[in-house]
K.L.:
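Okay, here's the structure, questions in a sec.
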Amino acid sequence: MTAVTRNRMLRTLPLLLASATLAAGLTTASAGVGGAAPGSSAPAAQVTNTVVIGLDGTMLDQVKAADTPTLHRLIAEGTSGRSSILGHPTISGPSWSTILTGVWHTKHGVVDNSFEGANYAEYPSVFTRIATGNPQMRTVAISTWGGIATIAGSGDPAADVVVTTPSAGDGAATDAATAEVVADEITANGPELVFTQLDQVDGAGHSSGTAGSEYDSALERVDAQVGTIVDAVDARSEATGGQWAIIVTSDHGHTPEGGHGGQSDAEGVTFVIARGAGYKAGAVDDTLTIADVKPTVLDNLGLDQPADLDGTPIPGGAPAATGSLGRPPAWIPTGSLGG
């Protein structure tokens, strides 16, 4: 790890807020970076800046049944689907690694939250792929759970900004602080990629299960925090004329009684919502998986797709719904979770 990468990893919340205050603001459109190589005389292609919002331990059926107007709006305005990751560990470390590397645990090597055996050198994160494909693009990771910093800070180059939000007293307050800083970053700097993870729904799943009232309350709170981010994206897009996409996803489900890590249907359920960038409004595509997030980001930014990815970019137009869980793609690994 270089000194520059170490410095990125040592950024704190106050420093990020200070950088946002000193930023140039909204005078430059997001489309200014484009995909042309430095020094090229070719006009820069317009990119679609992307915000990925990770909702830890969140289940789409519960979202649809709860008072979650922002998430309902994103579903109505975009393409959504839920699928199963069974055969893959239903644990945060492996799943966020899949979301950010575009490959399953059998390649990236993460099988638990210790991150031992991680193979990010061979299967780098989306942040590293962007930085090597177009160093001018700004990438940011702001999360409540510290494990995200392990992934975003891996590789050389790593993400430009890696922040784990200091505890604000409880999960809900910390998530609220995370969402505010994400919104400030979007408003001030318009990065090509922002990844954020909010944690309180997972905490409620552990404490009360998905059948408990705490889970619904957490969904309602996190929906408001997602709304803070969506409002910032929409305002930035309107002010600059830039194209933006929002992807919402989750790492695993929960049992009705609480808990995950096993191979039950409830623990293995995840989802993807994609709004913007031409995604078909109100469409349902239950073949989407969490491995599709990284390829979609690279596609939005006009960058090459590595041949070894397990996922594929989310198409602009989705087919009709295929059932309650859809068709699990045949390439999801099964058998030993040891990789």
K.L.:
Rounded to the nearest 0.5 Å, what separation is found between the NE2 atom of His260 and the OG1 atom of Thr255?
P.N.:
9.5 Å
K.L.:
Does the side chain of Thr79 come under 3.5 Å of the side chain of Asp285 through a donor N or O and an acceptor N or O?
P.N.:
no
K.L.:
Give the minimum heavy-atom separation between His88 and Ser95, together with the two atoms involved.
P.N.:
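Nearest heavy atoms, His88 then Ser95: NE2-OG, 3.3 Å.
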K.L.:
Using 0.5 Å steps for rounding, measure from the OG atom of Ser84 to the CD atom of Glu267.
P.N.:
10.5 Å
K.L.:
Do any N or O atoms from the side chain of Ser125 and from the backbone of Leu100 form a donor-acceptor pair under 3.5 angstrom?
P.N.:
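Side chain of Ser125 to backbone of Leu100, a donor-acceptor pair under 3.5 Å: no, none is there.
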K.L.:
Taking the side chain as every heavy atom from C-beta outward, state whether Met59 and Ser250 have any atom pair closer than 4.5 Å.
P.N.:
no
K.L.:
Less than 4.5 Å apart, side chain to side chain, heavy atoms only: is that true for Val297 and Pro313?
P.N.:
no
K.L.:
Main chain of Thr139, side chain of Asp160: is a donor-acceptor contact present, judged purely on distance under 3.5 Å?
P.N.:
yes
K.L.:
Atom CG in Leu74, atom CD1 in Ile53: separation rounded to 0.5 Å?
P.N.:
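So the gap between those two atoms works out to 7.0 Å.
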K.L.:
Taking the side chain as every heavy atom from C-beta outward, state whether Leu301 and Asn134 have any pair of such atoms under 4.5 Å apart.
P.N.:
no
K.L.:
Of the options Thr150, Ile290, Ile151, which is the one that meets Trp96 in a side-chain contact (heavy atoms from CB on, under 4.5 Å)?
P.N.:
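Result for side-chain contact (heavy atoms from CB on, under 4.5 Å) with Trp96: Ile151.
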K.L.:
Is there a side-chain contact between Val63 and Leu219 (heavy atoms, below 4.5 Å)?
P.N.:
yes
K.L.:
Check the surroundings of atom CG in Asp304: do more than 12 heavy atoms from other residues, nucleotides or ligands lie under 6.0 Å from it?
P.N.:
no
K.L.:
Is it the case that the side chain of Gln263 and the backbone of Gly87 share a donor-acceptor pair, with hydrogens and angles ignored and the cut-off at 3.5 Å?
P.N.:
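Confirmed, Gln263 side chain pairs with Gly87 backbone.
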K.L.:
For Lys64, is there any backbone N or O sitting under 3.5 Å from a side-chain donor or acceptor partner on His72?
P.N.:
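Side chain of His72 to backbone of Lys64: a pair is present.
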K.L.:
Find out if a path of hydrophobic residues (ILVMFWY) with successive side-chain heavy-atom gaps under 4.5 Å connects Ile247 to Leu298.
P.N.:
yes
K.L.:
Look at the side chain of Ser207 and the backbone N and O of Ala204, then say whether any donor-acceptor pair between them is shorter than 3.5 Å.
P.N.:
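The answer is yes, because a donor-acceptor pair under 3.5 Å joins these two groups.
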K.L.:
Any sub-3.5 Å donor-acceptor pair from Gln197's side-chain atoms to Trp145's backbone N or O?
P.N.:
yes
K.L.:
With sequence neighbours excluded, tell me which residues meet side-chain hydrogen bond (donor to acceptor under 3.5 Å, both in side chains) with Gln200.
P.N.:
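Partners of Gln200 under the side-chain hydrogen bond (donor to acceptor under 3.5 Å, both in side chains) test: Asp175, Arg221, Gln225.
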K.L.:
Can you tell me if Asp251 uses its side chain to pair, donor with acceptor, with the backbone of Gly57 under 3.5 Å?
P.N.:
yes
K.L.:
So, Thr144 versus Thr178: side-chain donor-acceptor pair below 3.5 Å or not?
P.N.:
yes
K.L.:
What is the distance from atom CZ of Arg129 to atom CE of Met137, rounded to the nearest 0.5 Å?
P.N.:
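Going from CZ on Arg129 over to CE on Met137, the span is 15.0 Å.
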K.L.:
Taking all atoms of both residues into account, what is the closest heavy-atom pair of Ala177 and Thr165, and its distance?
P.N.:
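Residues Ala177 and Thr165, closest heavy atoms: CB-CG2, 3.9 Å.
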K.L.:
Between the side chain of Asp310 and the main-chain N/O of Gly102, is any donor-acceptor distance below 3.5 Å?
P.N.:
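Flag not set: sc Asp310 to bb Gly102 has no pair under 3.5 Å.
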K.L.:
Is there a donor-acceptor contact under 3.5 Å linking the side chains of His108 and Thr98?
P.N.:
yes
K.L.:
How close do Asp292 and Thr287 get, counting heavy atoms only, and between which atoms?
P.N.:
OD2-O, 4.2 Å
K.L.:
With distance as the sole criterion, is a donor-acceptor pair present between the side chains of Asp216 and Gln62 under 3.5 Å?
P.N.:
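Distance-only check fails for Asp216 and Gln62.
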K.L.:
At their closest point, which heavy atom of Val110 faces which heavy atom of Ser97, and how far apart are they?
P.N.:
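In terms of heavy atoms, the two residues are closest at CG2-OG, 3.7 Å.
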K.L.:
Considering only heavy atoms from C-beta outward, does the side chain of Val47 approach that of Gln243 to under 4.5 Å?
P.N.:
no
K.L.:
Going by salt bridge (charged side-chain N to carboxylate O under 4.0 Å, His left out), name the residues that satisfy it together with Asp234, two or more places apart in sequence or in a different chain.
P.N.:
Arg73, Arg275
K.L.:
Between atom CD of Glu180 and atom CD1 of Ile229, what is the distance when rounded to the nearest 0.5 Å?
P.N.:
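That separation rounds to 9.0 Å.
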K.L.:
So does Glu220 have more than 12 non-hydrogen atoms from other groups sitting under 6.0 Å from CD?
P.N.:
yes
K.L.:
Would you find a donor on one side and an acceptor on the other, under 3.5 Å apart, between the side chain of Thr90 and the backbone of Gly262?
P.N.:
yes
K.L.:
Would you say Ile91 ends up clustered with Trp104 if hydrophobic residues are merged whenever their side chains have heavy atoms under 4.5 Å apart, either directly or through other cluster members?
P.N.:
no
K.L.:
Does the side chain of His254 reach to within under 4.5 Å of the side chain of Thr58, using non-hydrogen atoms?
P.N.:
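Of all side-chain heavy-atom pairs linking Thr58 with His254, none is under 4.5 Å.
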K.L.:
Verify, without hydrogens or angle tests, whether Asp286 (side chain) and Ser83 (backbone) share a donor-acceptor contact under 3.5 angstrom.
P.N.:
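No, the answer is negative, given that no donor and acceptor are paired below the 3.5 Å cut-off.
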K.L.:
Going through the distances and angles, do Asp299 and Gln305 end up as a side chain to side chain contact (heavy atoms under 4.5 Å, CB included)?
P.N.:
CA-CA 7 Å; Asp299 189 57; Gln305 298 283 331; 3.7 Å; yes
K.L.:
Between Ala152 and Ala141, what is the shortest heavy-atom contact and its length?
P.N.:
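Scanning both residues, the minimum pair turns out to be CB-CB, 3.6 Å.
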K.L.:
Please assess Ser154 against Phe127 for the test side chain to side chain contact (heavy atoms under 4.5 Å, CB included), listing each intermediate value before the final yes or no.
P.N.:
CA-CA 9 Å; Ser154 69; Phe127 304 104; over 6 Å; no
K.L.:
One thing to verify: whether Asp308 and Lys107 come together as a salt bridge, which I'm taking to mean a side-chain N less than 4.0 angstrom from a carboxylate O.
P.N.:
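Between Asp308 and Lys107 there is no salt bridge, as every charged N stays at least 4.0 Å from the carboxylate O atoms.
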K.L.:
Roughly how far, to the nearest 0.5 Å, is CH2 of Trp244 from OG1 of Thr48?
P.N.:
10.5 Å
K.L.:
Could you check if a side-chain atom of Glu192 sits within less than 4.5 angstrom of a side-chain atom of Ile130, using non-hydrogen atoms only?
P.N.:
no
K.L.:
Checking Val182 against Val194 for the side chain to side chain contact (heavy atoms under 4.5 Å, CB included) test, could you report, in this order, the C-alpha distance in whole Å, the side-chain angles of both residues, the deciding distance, and whether it holds?
P.N.:
CA-CA 8 Å; Val182 170; Val194 179; 3.9 Å; yes
K.L.:
Decide yes or no for Ile148 and Thr164: does some side-chain heavy atom of the first lie under 4.5 Å from some side-chain heavy atom of the second?
P.N.:
no
K.L.:
Restricting to non-hydrogen atoms, name the atom on Gly93 and the atom on Asn113 that form the minimum distance, rounded to 0.1 Å.
P.N.:
N-OD1, 2.7 Å
K.L.:
Decide yes or no on side chain to side chain contact (heavy atoms under 4.5 Å, CB included) for Thr289 and Ile85, but give the supporting numbers first.
P.N.:
CA-CA 8 Å; Thr289 77; Ile85 60 169; 5.9 Å; no
